[in-house]
A.B. asks: 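I am attaching a structure below and will ask some questions about it afterwards.
Within every chain, numbering begins at 1; the chains are lettered A, B, ... in the order of the sequence lines, protein sequences first and strands thereafter. Scope of the values below: all heavy atoms of this structure, side chains included, with no hydrogens, waters or symmetry mates.
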2 protein chains.
Amino acid sequence: MASECKHDHTELLGRVKGEMPTDEFLSDLADLYKIFGDSTRIKIMFSLYEEEMCVCAISELLGMTQSAISHQLKVLKDAKLVSNRREGKTIYYRLADDHVKSIIAQGFDHLLEED
Amino acid sequence: MASECKHDHTELLGRVKGEMPTDEFLSDLADLYKIFGDSTRIKIMFSLYEEEMCVCAISELLGMTQSAISHQLKVLKDAKLVSNRREGKTIYYRLADDHVKSIIAQGFDHLLEED
DNA sequence: CTTTTATATGAATGATTGTTCATATGTTTA
DNA sequence: TAAACATATGAACAATCATTCATATAAAAG
């Protein structure tokens with residue numbers, strides 16, 4: 001399956017391989033970024049950046065159905081990127097921790113700092 | 001299309017809306033993270049973390065076909081996350097800048113710091 | 001206890017996307 | 001210039017996934 005070129009990479013590959021995390025770790029890392037890689041979810045997380053919001057407020061803000069928002073909130077919650085609390089019939093969501101904020105801010109800066 | 005709940009969110013929505021970037025910006029942000037959200041691409045970027053590598057070395061390292069690697073390198077290059085140089089028949093790829101490293105490192109830390 | 005309100009969820013569908021296969025491009029060597 | 005080598009790329013296929021629709025759960029109000 002792999003390449004069939006005639007180069008000799010044994011030295012280089014040995015070095016690089018030694019510094020690579022496990023496949024499992026790298027898959028987890030990809031899965032984490034995958035969650036940030038959807039504009040609906042990004043918008044939800046941005047909405048929650050400053051304060052908590054209930055589901056219907058988010059769906060109103062984004063102009064999307066309550067169902068679509070609930071599905072994405074579930075994805076975010078399963079990934080522990082948001083948490084929630086119930087108050088009567090209403091459920092309020094908030095960002096899980098400051099780490100989420102810093103990841104958003106990081107990509108934000110990257111986009112802004114492009115020539 | 002939007003929610004039809006009876007809550008009054010006008011005040012909240014006004015506040016949050018004022019701090020939200022444009023849809024276009026948030027889509028670009030999602031697109032950026034989408035690129036990090038694939039384990040093959042993450043592995044490629046990690047491979048290039050310390051030093052440049054040619055295509056066949058990467059495909060040998062990851063145990064994947066040259067074609068698959070080339071396709072993903074194109075995605076990474078279009079997003080300006082990697083750049084390359086030619087040396088005879090061989091083409092060497094490297095990370096475009098330190099921003100890519102810091103984004104990777106950020107997610108890395110997030111995974112490591114979980115309970 | 002029935003109705004209303006707020007949210008969650010399963011199934012279906014359409015769109016996106018990663019890999020493969022075949023082939024093309026570009027460079028060196030014989 | 002013909003063959004070998006390194007990489008790129010278009011088309012096809014399979015798999016993933018975001019949204020929709022219908023419906024379920026759960027709490028409050030009447």
A.B. asks: A/Ser27: what forms a side chain to side chain contact (heavy atoms under 4.5 Å, CB included) with it, not counting sequence neighbours?
C.D. replies: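 In terms of side chain to side chain contact (heavy atoms under 4.5 Å, CB included), with neighbours along the sequence ignored, A/Ser27 is linked to B/Ser39.
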A.B. asks: One thing to verify: whether A/Asp23 and B/Lys43 come together as a salt bridge, which I'm taking to mean a side-chain N less than 4.0 angstrom from a carboxylate O.
C.D. replies: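 Salt bridge between B/Lys43 and A/Asp23, a charged N being under 4.0 Å from a carboxylate O: yes.
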A.B. asks: Calculate the interatomic distance between A/Glu87 atom CD and C/dT5 atom C1'; express it in whole Å.
C.D. replies: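 Interatomic distance, CD of A/Glu87 to C1' of C/dT5: 15 Å.
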A.B. asks: Using heavy-atom distances to pick each residue's nearest nucleotide on DNA chain C, tell me which of A/Lys89 and A/Asn84 is more 5'.
C.D. replies: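 Nearest nucleotide further toward 5': that of A/Lys89.
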A.B. asks: Using a 4.0 Å heavy-atom cut-off, does B/Ser70 contact any base of the nucleic acid, only the sugar-phosphate backbone, or nothing at all?
C.D. replies: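 Counting heavy atoms under 4.0 Å across all strands, the contact made by B/Ser70 includes a base.
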A.B. asks: Identify each donor-acceptor pair in which a side-chain atom of residues 12-20 of chain B lies under 3.5 Å from a protein atom, sequence neighbours left out, and give them as a table.
C.D. replies:
unit_1	atom_1	unit_2	atom_2	d
B/Arg15	NH1	A/Glu51	OE1	2.8
B/Arg15	NH1	A/Glu51	OE2	2.5

A.B. asks: Nearest-Å distance, NZ (A/Lys77) to C1' (C/dA8)?
C.D. replies: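 So the NZ-C1' distance, A/Lys77 to C/dA8, works out to 11 Å.
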A.B. asks: Would you mind telling me which of C/dA8, C/dA6, D/dT19 lies closest to the side-chain atoms of B/Lys6?
C.D. replies: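 The listed nucleotide nearest to B/Lys6's side chain is C/dA6.
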A.B. asks: Let me know, please, whether A/His7 or A/Val75 comes out on the 5' side of the other along DNA chain D by nearest nucleotide.
C.D. replies: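 Its nucleotide being nearer the 5' end, the pick is A/His7.
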A.B. asks: Calculate the interatomic distance between B/Gln72 atom CD and C/dT17 atom C1'; express it in whole Å.
C.D. replies: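 From B/Gln72 CD to C/dT17 C1': 9 Å.
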A.B. asks: Distance alone, cut at 3.5 Å: any donor-acceptor contact between the side chains of A/Gln66 and A/Ser70?
C.D. replies: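 Their side chains do contain a donor-acceptor pair, which is all the 3.5 Å distance test asks for.
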A.B. asks: A/Val82 and side-chain contact (heavy atoms from CB on, under 4.5 Å): which single residue from A/Gln72, A/Lys77, A/Arg41 fits?
C.D. replies: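 The passing option is A/Lys77.
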A.B. asks: Taking salt bridge (charged side-chain N to carboxylate O under 4.0 Å, His left out) as the definition, give me every residue that meets it alongside B/Lys74, ordered by chain and number, with sequence neighbours left out.
C.D. replies: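 Residues passing salt bridge (charged side-chain N to carboxylate O under 4.0 Å, His left out) with B/Lys74: B/Asp78.
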A.B. asks: Sequence neighbours left out, what passes salt bridge (charged side-chain N to carboxylate O under 4.0 Å, His left out) with A/Glu24? Give chain and number order.
C.D. replies: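 A/Glu24: no salt bridge (charged side-chain N to carboxylate O under 4.0 Å, His left out) contacts found.
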A.B. asks: Write down the distance between NZ (A/Lys34) and C1' (C/dT16), rounded to a whole number of angstrom.
C.D. replies: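 These atoms are roughly 13 Å apart.
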A.B. asks: In residues 39-47 of chain A, which ones come under 4.0 Å of DNA chain D, going by heavy atoms?
C.D. replies: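 Heavy-atom cutoff 4.0 Å gives A/Thr40, A/Arg41.
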A.B. asks: Any ring pair (Phe, Tyr, Trp, His ring centres under 6.0 Å) involving residues 32-64 of chain B? Give me the pairs, sequence neighbours left out, ordered by first then second residue.
C.D. replies: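 Sorted pair list: A/Tyr33-B/Tyr33, A/Tyr33-B/Phe36, A/Phe36-B/Tyr33, B/Phe46-B/Tyr49, B/Phe46-B/Phe108.
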A.B. asks: Nearest whole Å is fine: how far is C/dT17 C1' from B/Asp31 CG?
C.D. replies: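 The answer, rounded to whole Å, is 13 Å.
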A.B. asks: Report yes or no: is there a donor-acceptor pair, N or O only, under 3.5 Å between the side chain of A/Gln66 and the base of C/dA8?
C.D. replies: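 Pair found.
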A.B. asks: Could you state the atom-to-atom distance from CG of B/Asp38 to C1' of D/dT16 in whole Å?
C.D. replies: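 Rounded to whole Å, this separation is 12 Å.
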A.B. asks: I need the NE2-P distance between A/His9 and D/dA6, as an integer number of Å.
C.D. replies: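 A/His9 atom NE2 is separated from D/dA6 atom P by 8 Å.
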A.B. asks: Applying ring pair (Phe, Tyr, Trp, His ring centres under 6.0 Å), which residue pairs with at least one partner in residues 61-88 of chain B are found, sequence neighbours left out?
C.D. replies: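 Of all non-adjacent pairs touching residues 61-88 of chain B, none passes ring pair (Phe, Tyr, Trp, His ring centres under 6.0 Å).
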A.B. asks: Nucleotides 10-15 of chain D: which of its N/O atoms have a protein N/O under 3.5 Å away?
C.D. replies:
unit_1	atom_1	unit_2	atom_2	d
D/dG10	O6	B/His71	NE2	2.8

A.B. asks: Enumerate the salt bridge (charged side-chain N to carboxylate O under 4.0 Å, His left out) contacts for residues 94-107 of chain B, please, sequence neighbours excluded, ordered by first and then second residue.
C.D. replies: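 Qualifying pairs: none.
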A.B. asks: What's the CG-P distance between A/Leu73 and C/dA6, to the nearest Å?
C.D. replies: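 Checked: the CG to P distance equals 16 Å.
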A.B. asks: Which of these nucleotides, C/dT17, C/dA8, D/dT20, is closest to any side-chain atom of A/Thr65?
C.D. replies: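 Within the option list, the nearest is D/dT20.
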A.B. asks: Base, sugar-phosphate, or nothing: which does A/Tyr93 touch, judged by heavy atoms less than 4.0 Å apart?
C.D. replies: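 A/Tyr93: backbone/sugar contact only, no base atoms under 4.0 Å.
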